[in-house]
Amino acid sequence: MQITQDTAVTLQYTLREVAANGQPGAVLDKGHTAYLHGGYEGIFPKVEAALTGKAVGERINLTLAVEEAFGARDESLARSIPKSEFPPGVKVGGHLRGTNDQGQPQSYRVLKIKGPVVLLDGNHPLAGKALQFEASVTKVRAALPVEIEHRHVHGEHGHQH
Ligand SMILES: [Zn+2]
């Protein structure tokens with residue numbers, strides 16, 4: 001079965017940083033993921049486009065420019081707050097809920113505690129990075145009506161609920 005509109009696709013993937021010389025760099029993430037094919041924003045659009053028509057066992061290997069991956073960093077989302085305002089129980093690597101400059105809800109990652117100041121970052125950890133996405137197709141099946149309704153794949157490597 002080929003990957004077409006409204007198929008549930010499982011991939012085994014490796015996501016790497018792209019080094020300064022353009023060569024594949026450190027592995028950032030690897031594993032399996034399942035997504036609903038056909039414009040449901042379950043995976044990077046460039047990856048989805050490359051997978052159209054592929055079948056189990058076929059591979060893709062793509063470089064994603066910053067804007068094709070998680071986008072540029074927004075330095076206005078890099079914040080610091082006094083340690084005295086820091087809620088108890090939140091650790092480095094955890095998240096704080098706050099608002100951005102436009103007053104919209106924003107989640108901030110706790111980067112580090114530096115003396116009396118806590119450094120926060122609301123950017124995606126991979127924002128500002130070009131990425132290399134290598135994957136092989138491990139499963140393709142027709143999506144269930146409920147998956148199309150929910151706009152995501154259920155079950156193994158998919159949405160659990
Ligand atoms: Zn669902």
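Quick caveat: nothing in here was measured; it's all calculated off a predicted structure. As the structure lists them, so they are numbered: ligands from 1, and atoms in each ligand from 1.
Protein N/O/S atoms found under 2.8 Å from the Zn ion (ligand 1): His150 ND1, His152 NE2, His154 NE2, His161 NE2.
Residues Met1, Ile3, Val9, Leu11, Tyr13, Leu15, Leu28, Tyr35, Ile43, Phe44, Val47, Leu51, Val56, Ile60, Leu62, Leu64, Phe70, Leu126, Leu131, Val137, Val140 make up the rest of the hydrophobic cluster containing Phe133, defined by ILVMFWY side-chain heavy atoms closer than 4.5 Å, directly or through other members.
Legend: residues meeting side-chain hydrogen bond (donor to acceptor under 3.5 Å, both in side chains) with His154, ordered by chain and number and at least two apart, are His150, His152, His161. Applying the side-chain hydrogen bond (donor to acceptor under 3.5 Å, both in side chains) test to Lys129 and every residue at least two apart in sequence or in another chain returns Glu17.
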Does the salt bridge (charged side-chain N to carboxylate O under 4.0 Å, His left out) test come out yes or no for Arg79 and Asp101, once each step is laid out? CA-CA 11 Å; Arg79 296 274 173 95; Asp101 286 348; 2.7 Å; yes
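Between Asp29 and Arg16 there is no salt bridge, since no side-chain nitrogen of the basic residue lies less than 4.0 Å from a carboxylate oxygen of the acidic one.
More than 12 heavy atoms of other residues, nucleotides or ligands shown are found within 6.0 angstrom of CD on Gln5.
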